[in-house]
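In what follows, a structure is listed as structure tokens, so that the remarks can point back to it.
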Amino acid sequence: MSPQEHYLRTHLQPLILREYAGLLKPEHLVFQQTRKDFSGDITLVLFGPAKRLSMNPLAFGERTRIFLGTLSFEGQPLVESSEIVQGFLNISLSAHFWMHAHQEGSRPTPNISGKKLLVEFASPNTNKPLHLGHIRNILLGMAVSRLSEEAGDEVVRVQVINDRGIHICKSMLAWEKFGQGETPQSSGLKGDHLVGKYYVRFDVEWRRQTEERKDGGMDARTAKDHAPILLEAQQMLRDWEVGVPGVRALWQSMNGWVYSGFDQTHQRLGSFFDRNYYESETYVLGRDQVLDGLARGVFERDPDGSVWANLTGAGLDRKVLLRSDGTSVYITQDIGTAIERQKEWNTDEMTYVVGNEQDYHFKVLFLVLQRLGYEWASRCHHLSYGMVDLPSGRMKSREGTVVDADDLMDEMVAAARDKSEFSEKLMELSEGDKTILFNQVGMAALKYFILKVDPQKRMVFHPEESIDLQGHTGPFIQYAHARACAVLRKAESIGIGASVLATAALPSDIKLTERELMRQLSGYRESIFASHTHKNPSLLCQYAYDLAGLYNRFYHDCPILTPETTDESRLFRLYLSQEAARVLKRSLFVLGIEAPDRM
RNA sequence: GAUCCCGUAGCUCAAUGGAUAGAGCAACUGCCUUCUAAGCAGUAGGUUACUGGUUCGACCCCAGUCGGGAUCGCCA
């Protein structure tokens with residue numbers, strides 16, 4: 001809740017108790033920011049309360065309006081003006097109040113919540129490099145983590161790396177057959193890309209064999225499912241499982257290449273983990289829990305020996321948990337991992353950042369955990385996000401339309417460089433500093449592009465057009481910040497530094513833009529809170545964009561260091577610049593975006 | 001077939017059940033000899049897929065229809 005709303009609610013309480021006791025409660029009041037076309041800061045919607053009181057909205061509004069007129073804030077009238085328009089009470093609060101409110105609301109909650117959350121994200125396979133889909137996942141995971149931290153929680157970041165299975169065997173086999181000993185060192189290829197190359201190579205060979213056999217008269221299904229290279233890969237998986245030393249050694253070295261590649265990508269993205277889980281270690285987990293559940297009658301066993309959870313009562317299907325041969329399936333492992341992790345970290349909440357194609361899987365998983373009697377299952381949350389599509393539809397590795405994460409970052413950074421490499425403003429920067437800057441700007445464009453969209457929704461990425469550095473973008477917000485920094489630098493150079501700014505006070509007269517800037521600043525904490533509770537970074541994106549836009553307008557409307565500006569206004573405007581810069585930088589930080597001082 | 005998600009300007013996206021549905025891109029018009037023009041100001045662009053319903057009020061909630069996507073494996 002914003003400071004202004006909180007203040008009004010609190011101070012309207014006496015009126016409510018006195019006049020409307022029993023009929024109206026403070027929570028029945030609905031406030032919203034006043035729309036642009038009307039004058040006012042905050043608006044009380046009159047319809048709801050009026051209805052509860054069986055009153056005319058106008059009458060209720062007028063009585064409230066008069067009461068508000070009697071309120072004071074630190075010895076001065078709280079309300080500057082107010083008017084009722086069509087069932088809305090528009091209230092302008094005093095500049096004096098805004099001076100207080102923006103300081104109050106623009107800082108994160110000071111106290112630690114004591115809550116510990118676990119966020120699982122990224123969770124790649126080790127047979128190919130990361131792509132745009134992973135980027136969305138990772139950025140969401142990092143952003144919700146930071147949001148939680150900003151809201152006062154402790155966060156544990158983890159990922160589960162799918163390092164075993166037929167997919168990695170395919171890469172390994174193809175490398176053995178066609179690789180001629182190629183390594184990242186020998187070829188200069190990034191490790192994950194090298195392994196991905198052999199995954200593709202496998203597929204090419206597999207298709208070749210399939211076609212060859214189809215031409216030989218075999219039916220398509222058999223040709224594909226019994227192609228020699230696939231059989232070899234399956235044999236390799238069996239060898240891996242029993243621990244054949246050669247296979248294990250190759251597996252370790254190829255996975256090692258992939259991890260060093262992933263590390264580079266994560267470093268550029270600014271993502272990190274407190275703990276990695278490897279499926280090669282966790283895939284055996286969960287079996288015991290399932291058997292235990294079976295013994296307790298939570299699950300049922302079919303005649304063929306397979307074990308099932310019957311979820312039909314909850315509107316879902318029956319779900320197999322153990323195969324008839326007693327081995328685990330995917331969800332078995334997830335059950336085991338969740339339980340293990342809860343033991344290890346004892347968190348208050350677990351969030352899984354996973355694409356919405358697994359919505360059903362997580363419904364089942366949480367329900368099964370609940371049936372097993374784990375009360376914390378109700379605090380598990382699937383942060384489901386939509387796919388990133390291309391204009392042509394879904395990315396398909398078969399058709400080579402997958403947007404590679406590293407390539408994409410390179411392109412964004414190159415676009416940032418193209419835009420301003422020869423800009424006069426950056427003349428004094430060294431080449432090294434420019435490189436850092438263009439990285440910051442390019443990555444900001446990419447991250448903001450992803451994060452500004454509601455996670456739940458599918459989004460479309462245009463390879464050419466989406467590389468945008470103007471308008472509703474990350475660089476726009478960075479730019480507002482850099483602008484403010486430039487003013488502050490200049491001020492400092494003429495002797496108005498931070499210590500002087502600390503003495504800034506409200507001038508006798510302020511412009512609308514200055515007031516709006518204070519109002520926007522006052523909404524920071526509320527924005528963090530909303531983004532955090534809804535696990536939706538796009539809300540914070542919108543907030544930061546609005547703040548940046550407002551600062552740009554302020555910058556345009558309110559000259560600061562010019563002679564005609566009075567001393568008190570100059571000081572105040574510098575102070576507002578400092579505050580805007582601070583909150584912009586903080587917002588960007590939570591979103592995982594850097595805020596350069598000049599650009 | 002069943003279930004879930006989505007459908008808003010030419011394009012990409014906003015809008016706790018509240019006022020005349022907002023931004024950006026693309027198009028067009030202005031604004032740099034003055035603190036950063038990656039900016040500011042403006043023009044144009046809409047039957048919120050469609051049909052009903054709920055109510056003081058619906059892009060939002062409910063029912064149905066149409067379109068797009070996903071899931072429903074002893075795959076992961």
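Every chain is numbered from 1 and lettered A, B, ... according to where its sequence line falls, protein lines coming before strand lines. Only this structure's heavy atoms are used, side chains among them; waters, hydrogens and symmetry mates stay out.
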Quantified in whole Å, what is the C1' atom distance between nucleotide B:C59 and nucleotide B:U48? 5 Å
Side chain of A:V453 only, please: which of B:C40, B:A14, B:A70 is the nearest? B:A14
Is the base of B:A38 touched by the side chain of A:N552 through a donor-acceptor pair closer than 3.5 angstrom? no
Could you check whether A:K419 gets within reach of a base, just the sugar-phosphate, or nothing at all, counting any heavy atom under 4.0 Å? base
Is the distance between the ring centroids of A:H472 and A:Y448 under 6.0 Å? yes
Report which part of the nucleic acid A:R35 touches: base, sugar-phosphate, or nothing (heavy-atom distance under 4.0 Å, all strands). base
If you check the A:E465 side chain, which of B:A14, B:C11, B:U12 turns out closest? B:C11
Which value, in whole Å, describes the distance between the C1' atoms of nucleotides B:G17 and B:C56? 12 Å
Answer with base, sugar-phosphate or nothing: what part of the nucleic acid does A:H462 contact at a heavy-atom distance below 4.0 Å? sugar-phosphate
For B:C66, does the O4'-C1'-N9-C4 or O4'-C1'-N1-C2 angle fall within 90° of 0, making it syn, or is it anti? anti
Parallel, tilted or perpendicular, as decided by the 30° and 60° cut-offs, for the rings of A:F461 and A:F449: perpendicular
Looking only at atom types and distance, does a side-chain atom of A:R458 sit under 3.5 Å from a main-chain N or O of A:D389, one as donor and one as acceptor? no
Mind checking if A:F529 touches a base, just sugar-phosphate, or nothing, with heavy atoms under 4.0 Å? nothing
Side-chain N or O of A:R483 versus OP1/OP2 of B:C40: is the shortest distance under 4.0 Å? no
Taking only the side-chain heavy atoms of A:R458 (C-beta and beyond), determine which of B:A23, B:G68, B:A14 contains the nearest atom. B:G68
Tell me whether the ring of A:F88 lies stacked over the B:A19 base, given a 5.5 Å limit on centroids and a 30° limit on the plane angle. yes
Check every strand shown and say whether A:M459 touches a base, only sugar-phosphate, or nothing at a heavy-atom separation below 4.0 Å. sugar-phosphate
Salt bridge A:R238-A:E241, side-chain N to carboxylate O under 4.0 Å: no
Would you mind telling me which of A:L130, A:V413, A:L446 makes a side-chain contact (heavy atoms from CB on, under 4.5 Å) with A:L408? A:L446
Nearest-nucleotide pick for A:H361, side chain only, options being B:A70, B:A76, B:A15: B:A76
Base, sugar-phosphate, or nothing for A:C558, non-hydrogen atoms under 4.0 angstrom? base
For B:G39 and B:C50, measure between their P atoms and round to the nearest Å. 34 Å
Would you call the rings of A:W240 and A:W251 parallel, tilted or perpendicular if under 30° counts as parallel and over 60° as perpendicular? perpendicular
Verify stack between A:Y479 ring and B:G39 base, 5.5 Å, 30 degrees: no
May I have the distance from A:M387 (atom CE) to B:C4 (atom P), rounded to whole angstrom? 19 Å
Please measure how far the P atom in B:C13 lies from the corresponding atom in B:C4, and state the result in whole Å. 24 Å
Could you give the NE2-to-P distance, from A:H534 to B:A15, as a whole number of Å? 11 Å
Spacing between A:Y360 atom OH and B:A2 atom P, to the nearest angstrom: 16 Å
Reckon A:V45 touches a base, only the sugar-phosphate, or nothing at all at heavy-atom distances under 4.0 Å? base
Mind checking the P distance from B:U43 to B:A37? Whole angstroms is fine. 23 Å
Between A:R65 and A:E62, is there a salt bridge with N-O shorter than 4.0 Å? yes
Distance check: side-chain N/O of A:Q456 vs OP1/OP2 of B:C6, anything under 4.0 Å? yes
Is the closest basic N to carboxylate O distance between A:E514 and A:R573 below 4.0 Å? yes
Please classify the nucleic acid contact of A:S420 as base, sugar-phosphate, or nothing, using heavy-atom distances under 4.0 Å. base
A:R164 NZ/CZ over A:Y283 ring centroid, <6.0 Å and within 45° of normal: yes
Tell me if the aromatic rings of A:Y199 and A:F202 count as close, with their centers under 6.0 Å from one another. no
Whole-Å gap separating C1' (B:C6) and CD (A:E357): 15 Å
Which nucleotide, B:C40, B:U36, B:A76, lies nearest any side-chain atom of A:Y555? B:U36
Establish, with yes or no, whether the OP1 or OP2 oxygen of B:A23 is under 4.0 angstrom from a side-chain nitrogen or oxygen of A:K36. yes
Considering only atom C1', compute the distance from B:A26 to B:G68 and round it to an integer number of Å. 25 Å
Compare the minimum distances between each of B:U36, B:C56, B:A23 and the side chain of A:A486, then state the nucleotide with the smallest one. B:U36
Classify the nucleic acid contact of A:D546 as base, sugar-phosphate or nothing, counting any heavy atom under 4.0 Å across all strands shown. nothing
Look at A:K452 and B:G24 and indicate whether a side-chain polar atom (N or O) is within less than 4.0 Å of OP1 or OP2. no
Which whole number of Å gives the distance between the C1' atom of B:G45 and that of B:U12? 15 Å
Could you tell me whether A:T43 contacts a base, only the sugar-phosphate backbone, or nothing, with contacts defined as non-hydrogen atoms closer than 4.0 Å? base
Have a look at A:K457 and say if it touches a base, only the backbone sugar-phosphate, or nothing, with a 4.0 Å heavy-atom cut-off. sugar-phosphate
Within the 4.0 Å heavy-atom criterion, would you say A:R598 contacts the bases, only the backbone, or no part of the nucleic acid? base
Rounded P spacing from B:A14 to B:A49 in Å: 14 Å
Does A:P391 reach a base, just sugar-phosphate, or nothing at all? Heavy atoms under 4.0 Å. nothing
A:F47 side chain: which of B:C72, B:A19, B:C56 is closest? B:C56
Listing for RNA chain B: consecutive Watson-Crick or G-U pair runs of at least 3, distance cutoff 3.5 Å, ranges ordered by first number, gives B:1-7 with B:66-72, B:10-13 with B:22-25, B:27-31 with B:39-43, B:49-53 with B:61-65
Of the candidates B:A76, B:U36, B:C56, the side chain of A:Y330 sits closest to B:A76
Heavy atoms under 4.0 Å, any strand shown: does A:D557 hit a base, just sugar-phosphate, or nothing? nothing
Nearest whole Å is fine: how far is B:C35 C1' from A:H481 NE2? 16 Å
Of the options A:L321, A:V307, A:N310, which is the one that meets A:E300 in a side-chain contact (heavy atoms from CB on, under 4.5 Å)? A:N310
Of the options B:C72, B:C4, B:A38, whose atoms approach the side-chain atoms of A:D317 most closely? B:C72
